S.K.: 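Dumping the structure here so I can ask a few things about it.
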Amino acid sequence: MIETKDLKKIYGDHVVLNGINETIQKGEKVVVVGPSGSGKSTFLRCLNLLEMPTSGEVWFEGNNITDPKCDINKLRQKMGMVFQQFNLFPHLSVKENITLAPIKLLGMKKEEADKKAIELLTRIGLQDKADAYPNQLSGGQKQRIAIIRALAMNPDVMLFDEPTSALDPEMVGEVLELMKELADAGMTMVVVTHEMGFAREVATRVMFIDEGQVKEQNTPEEFFRNPQNPRLKDFLSKVL
Ligand code: ADP
Ligand code: MG
């Protein structure tokens with residue numbers, strides 16, 4: 001579904017991604033971990049070209065999206081993204097947040113988009129919040145709405161950048177639970193997180209990024225039981 005070829009991102013003389021060659025297959029749930037500043041967000045943002053790589057290629061569903069001739073906007077619609085800070089539009093109601101992109105980008109009729117929004121809200125038990133505004137919601141509610149807003153576009157892959165890091169601890173569980181449901185439903189997912197329990201339980205593969213490179217990756221069982229790279233051992237000793 002996604003392939004990166006010698007992906008590099010350099011800011012000035014700061015090499016943030018230093019040649020990443022990775023393939024993400026349909027249905028995989030890849031959890032990305034690593035120290036702060038190691039390039040995890042940059043990697044994720046290069047996958048849907050929120051950041052333009054300095055060199056190298058990103059392929060998505062058979063298209064080289066780093067090719068200037070590629071219509072990235074069409075393809076990006078197939079890649080849902082969820083951020084640490086929710087990024088809901090504060091001046092739009094919950095329902096308007098969810099229906100905006102399907103109406104504007106997919107040309108969906110308002111009635112159809114509304115119906116889908118209510119279906120998605122019902123799925124997460126927040127149908128009564130359809131006309132509320134983001135500032136009337138808890139952090140956990142905001143993030144779950146950000147997730148279903150992405151789902152309203154019927155993406156083929158979901159990218160999550162520390163989706164629970166800005167939440168009060170008591171709200172982390174409800175967001176991870178929704179992500180787990182998505183995983184169980186077969187969604188292809190790339191998740192940057194510090195939630196090692198989620199990695200153990202949900203990941204098909206855990207990837208350790210350090211200094212802009214994938215230093216080690218494995219099934220969660222092996223990754224946590226038998227880490228090889230000294231930097232990974234050190235990282236795990238701090239987070240587990
Ligand atoms: P992580 O998500 O692993 O914490 P990031 O990908 O956010 O790491 O950042 C990796 C490095 O790239 C950091 O040192 C950060 O300061 C730097 N960086 C990220 N974005 C920019 C930018 N727009 N301009 C300059 N440096 C950046
Ligand atoms: Mg980050």
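The structure displayed is predicted, hence computed values, not measured ones. Both ligands and their constituent atoms are indexed starting at 1 by order of listing.
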S.K.: Less than 4.0 Å between atom 20 (N) of ligand 1 and some protein heavy atom, yes or no?
M.R.: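 Yes, at least one protein heavy atom sits under 4.0 Å from atom 20 (N) of ligand 1.
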S.K.: So do I147 and L182 actually touch side chain to side chain, heavy atoms under 4.5 Å?
M.R.: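 L182 reaches I147 side chain to side chain.
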S.K.: Strictly under 2.8 Å, is any N, O or S atom of Q84 next to the Mg ion (ligand 2)?
M.R.: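 No N, O or S atom of Q84 is closer than 2.8 Å to the Mg ion (ligand 2), so no.
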S.K.: So, E201 and K180, do they make that salt bridge, N to O below 4.0 Å?
M.R.: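 Here E201 pairs with K180 in a salt bridge, since their nearest N and O are under 4.0 Å apart.
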S.K.: Which heavy atom of the protein is the closest neighbour of atom 8 (O) of ligand 1, given with residue, atom name and distance?
M.R.: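 Result for atom 8 (O) of ligand 1: G39 N, 3.3 Å.
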S.K.: Tell me the protein heavy atom at minimum distance from atom 7 (O) of ligand 1, and give that distance in Å.
M.R.: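 Atom 7 (O) of ligand 1 sits closest to the protein heavy atom S41 CB, 3.6 Å.
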S.K.: Just distances here: any N/O of V16 and N/O of ligand 1 closer than 3.5 Å?
M.R.: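 Checking ligand 1 against V16, no N or O pair falls under 3.5 Å apart.
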S.K.: Can you list the atoms of ligand 1 that are under 4.0 Å from a heavy atom of P35?
M.R.: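 With P35 as reference, the close atoms of ligand 1 come out as 3 (O).
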S.K.: How close do E216 and N226 get, counting heavy atoms only, and between which atoms?
M.R.: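 Distance-wise, the nearest heavy atoms are OE2-O, 4.2 Å.
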S.K.: Do the charged groups of E111 and K115 touch, with an N to O distance under 4.0 Å?
M.R.: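 Judged by the 4.0 Å cut-off on N to carboxylate O distance, E111 and K115 do not form a salt bridge.
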S.K.: Taking atom CZ of R45 and atom CG of L50, what is their separation to the nearest 0.5 Å?
M.R.: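 So the gap between those two atoms works out to 5.0 Å.
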S.K.: Please report which non-hydrogen protein atom sits nearest to atom 25 (C) of ligand 1, along with the residue it belongs to and the distance in Å to one decimal place.
M.R.: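 Nearest protein contact, heavy atoms only, for atom 25 (C) of ligand 1 is Y11 CG, 3.3 Å.
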S.K.: Check ligand 1 against S36 and write out every atom of the ligand that is under 4.0 Å from a heavy-atom position of the residue.
M.R.: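 So the atoms of ligand 1 that pass are 4 (O).
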S.K.: Would F160 and T193 satisfy side-chain contact (heavy atoms from CB on, under 4.5 Å), going step by step from the backbone distance to the final call?
M.R.: CA-CA 8 Å; F160 293 87; T193 186; over 6 Å; no
S.K.: Please state which protein non-hydrogen atom is closest to atom 9 (O) of ligand 1 and give its distance, to 0.1 Å?
M.R.: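 So the nearest neighbour among protein heavy atoms is T42 OG1, 3.8 Å.
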S.K.: Could you give the distance from CG (L49) to CD1 (I65), rounded to the nearest 0.5 Å?
M.R.: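 It comes to 4.0 Å.
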S.K.: Could you identify the single nearest non-hydrogen protein atom to atom 4 (O) of ligand 1 and state the distance to 0.1 Å?
M.R.: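 For this ligand atom, the closest protein heavy atom is G37 N, 2.7 Å.
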S.K.: Minimum heavy-atom separation for P134 to P90, with atom names?
M.R.: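 Looking at all heavy atoms of both residues, the closest pair is CD-O, 3.8 Å.
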S.K.: With respect to atom 3 (O) of ligand 1, which of K40, R45, Q84 exhibits the smallest heavy-atom separation?
M.R.: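 Comparing heavy atoms across K40, R45, Q84, the nearest one to atom 3 (O) of ligand 1 lies in K40.
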S.K.: Any idea which protein heavy atom is nearest atom 15 (C) of ligand 1, and the distance to it?
M.R.: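 Here the nearest protein heavy atom works out to H14 CE1, 4.6 Å.
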